[in-house]
A.B. asks: 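I have a structure I would like to understand better, so I am pasting it below and will then ask my questions one at a time.
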Amino acid sequence: LFRMENGSLPPKTEGFVSRMALNDNKAGMEGLDRDKINKIIMETSKGSKFYENELKREQQVNQRIEMMLQKEQITEQQLKKAQAQVERMVAELEESRDLTRAIVHVDMDAFYAAVEMRDCPELKDKPMAVGSMSMLSTSNYLARKYGVRAAMPGFIAKKLCPHLVIVPTNFDKYRAVSNEIREIFTDYDPGFMPVSLDEAYLDFTEHVEKRQSWPESLRTRRYRASTTTTGEESGKLAQEAAPGTPDLSPVLFEDSPSSSSNSEDAGDAFEIFGTSVEEAVREMRFRIEQKTMLTASAGIAPNMMLAKVCSDKNKPNGQYRLPPTREAVMEFVCDLPVRKVSGVGKVSEKLLSALGISSCSHLGQKMALLSLLFSETSWHHFLQVSLGLGSAFIPRHEERKSMSTERTFKEMSAVEEQLSLCHELCEDLANDLKKEGLKGKTVTLKLKNVNFEVKTRALTLPYPVATADEIFTVAKDLLKTERDNESPQPLRLRLMGVRVSAFVSSDHKKPLQRSIVGFLNSGRGESGSSQRAKQQHLKENSQLSSSSQIWPLGCQRARAKRLQLQAAAASTTQQAGLGTSPPPVSGKTDASGRCPDGGSPALVCPICLLSQDDDDLGMFNRHVDLCLN
DNA sequence: GCGGATCAC
DNA sequence: CATGGTGATCCGC
């Protein structure tokens with residue numbers, strides 16, 4: 001039935017690798033010659049191993065679409081039932097719609113490129129990108145006019161724009177700038193959520209409330225705050241960007257006539273901001289620009305999903321506020337291309353497109369069908385998007401779940417070489433793990449061969465590992481297994497990676513305790529928002545039903561960990577400073593986990609309460625972790 | 001728990 | 001000459 005209406009695949013993707021086509025999703029790509037650019041991309045790529053692999057993956061997606069369209073043997077009956085279910089859920093979701101929060105998404109404009117341009121004036125009027133001939137991280141707006149964009153290899157970018165200047169990445173510098181802008185974020189929302197070095201979500205609600213009663217003096221911001229100039233270079237740069245250059249806000253000259261007389265110094269120039277959200281966000285962007293000489297864009301909306309889309313709307317150096325009314329939200333969402341929504345990538349876009357869905361209103365119209373073709377989590381997400389719903393609170397920063405390191409290199413087939421590389425990766429990873437005091441039970445080896453085919457091989461141990469040797473022991477086994485698997489052909493690799501996950505709650509610090517507290521008052525701050533935030537959090541978190549079990553388990557874990565720690569302290573130093581320690585798990589053991597009645601030196605596990613024969617602390621810890629699992 | 005895939009930046 | 005690295009999540013076993 002459905003196929004009759006929409007029986008064809010998107011027309012232009014025939015014999016065309018849509019995976020590789022120019023991504024005009026990003027800002028700054030208006031009015032350029034897509035066809036010409038795509039032609040150059042294709043001609044440059046054709047015949048490469050990379051291209052062949054992309055073709056293959058494209059085929060897989062096409063197959064998936066075929067399967068999906070097959071499943072469309074859906075009866076009118078089923079569709080009706082699904083529609084009823086959808087409508088029930090819509091009503092429920094509508095009930096929970098929260099328009100009371102002012103969520104802001106901030107995003108630095110062409111971040112890495114902007115930093116490099118700031119620090120090297122020669123680059124200002126040239127098309128440039130940050131990265132290497134193999135891969136670009138980002139490009140400036142001049143380069144984007146040629147179709148040069150993030151995630152494009154430099155050598156292709158050079159074909160699109162022969163005069164392109166490619167600057168190598170300076171992560172330390174970007175990190176430093178990132179810290180500067182995060183200091184500013186803190187003033188508006190101490191619980192802001194960083195997405196990456198240049199991007200963050202903030203909840204402005206409470207700031208704006210307070211701001212209502214602020215006098216002008218607290219909302220007055222000076223141009224070119226003096227404290228950040230650190231050396232002669234930035235001093236020189238400050239001059240370069242002095243009045244007259246288009247880099248400064250035009251506002252300096254249009255709105256502040258009183259200061260124009262001493263604008264050469266600009267030291268007395270200032271601006272007063274209002275009390276609305278928009279003014280607060282404008283102020284924040286102003287401070288970012290004054291502090292870093294870089295511009296940011298921002299979106300203001302009732303939830304994170306919408307704020308993210310809004311921040312893109314007036315980029316670069318602009319902001320957009322979506323009014324907090326249901327009507328405004330629905331109108332905004334109506335013509336919104338699904339691809340603009342965070343979480344909908346190239347593949348999802350293509351799958352939806354095969355169903356005749358390109359905008360969010362289409363999404364709503366075909367929701368019954370989607371509920372039959374996609375997984376529950378997927379269509380629930382689609383449904384939320386179609387209603388303009390998203391998280392109205394900013395979740396606490398979660399603890400990391402994995403840590404990895406990987407490297408791409410020239411073809412490598414020699415076993416010796418591979419082993420040596422693997423060991424190096426394990427050492428690097430162990431180093432990183434040590435910095436955060438992490439140990440994990442699962443080790444994963446990632447391999448990519450010269451045909452760009454990726455494989456991962458994992459093994460979960462009954463105990464956590466952290467050192468290079470421990471990880472390498474596992475990783476080299478996984479590598480050997482894979483080698484045996486492929487033999488007698490050698491593994492012709494172009495990438496290898498090692499990952500550790502399934503962390504056990506790490507000792508010393510107290511991340512566990514923090515996360516329990518976070519769970520209890522999962523809203524931030526102490527206002528009425530916390531209740532709402534908690535509700536929302538629980539609603540969105542499918543573990544609602546198990547929350548009652550998490551509690552005592554968490555306590556048990558925390559207690560066991562404390563005992564482990566104290567046992568460690570007791571065994572290394574013989575000090576008797578444990579008088580303030582918590583009560584023992586049972587009458588048989590004291591807090592150190594040792595038997596109190598003198599004689600036996602054996603450790604007692606606080607979980608299973610069995611004496612551990614081995615007096616070795618490492619073995620004891622391993623046992624406790626085992627019990628905790 | 002595993003492995004492939006998708007996604008964001 | 002040449003198509004990245006890190007972390008998360010989901011799905012179907």
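What you are looking at is a predicted structure, and each value in this text was computed from that prediction instead of being measured. Convention: sequence-line order gives letters A, B, ...; per-chain numbering from 1.
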A.B. asks: Among the nucleotides dG4(B), dG4(C), dT6(B), which one has an atom lying closest to any side-chain atom of F452(A)?
C.D. replies: dG4(C)
A.B. asks: Do any of residues 167-179 of chain A sit with a heavy atom less than 4.0 Å from DNA chain C, and if so which?
C.D. replies: none
A.B. asks: Is the number of heavy atoms from other residues, nucleotides or ligands under 6.0 Å of Q63(A) CD greater than 12?
C.D. replies: no
A.B. asks: Please say whether more than 12 non-hydrogen atoms of neighbouring residues, nucleotides or ligands are located less than 6.0 Å from OH in Y320(A).
C.D. replies: yes
A.B. asks: Strictly below 4.0 Å: does K350(A) bring a side-chain N or O up to OP1 or OP2 of dT6(B)?
C.D. replies: no
A.B. asks: Are T442(A) and dG1(B) close enough that a side-chain N or O sits under 4.0 Å from OP1 or OP2?
C.D. replies: no
A.B. asks: Quick one: label K410(A) by what it contacts on the DNA or RNA (base, sugar-phosphate, nothing), any heavy atom closer than 4.0 Å.
C.D. replies: nothing
A.B. asks: Does any N or O donor sit under 3.5 Å from an N or O acceptor when you compare the side chain of S48(A) with the base of dT3(C)?
C.D. replies: no
A.B. asks: Look at all strands and tell whether I156(A) reaches a base, only sugar-phosphate, or nothing, counting heavy atoms closer than 4.0 Å.
C.D. replies: base
A.B. asks: Starting at the 5' end of nucleotides 6-13 of chain C, put B wherever the base has a protein heavy atom under 4.0 Å, S where only the sugar-phosphate does, and a dash everywhere else.
C.D. replies: BSSSSS--
A.B. asks: Listed by chain and number, what are the side-chain contact (heavy atoms from CB on, under 4.5 Å) partners of T169(A), not counting sequence neighbours?
C.D. replies: V130(A), S137(A), F171(A), Y174(A)
A.B. asks: With heavy atoms under 4.0 Å as the rule, sort K455(A) into base, sugar-phosphate or nothing.
C.D. replies: sugar-phosphate
A.B. asks: Sub-3.5 Å donor-acceptor pair from the side chain of D107(A) to the main-chain atoms of S297(A), do we have one?
C.D. replies: no
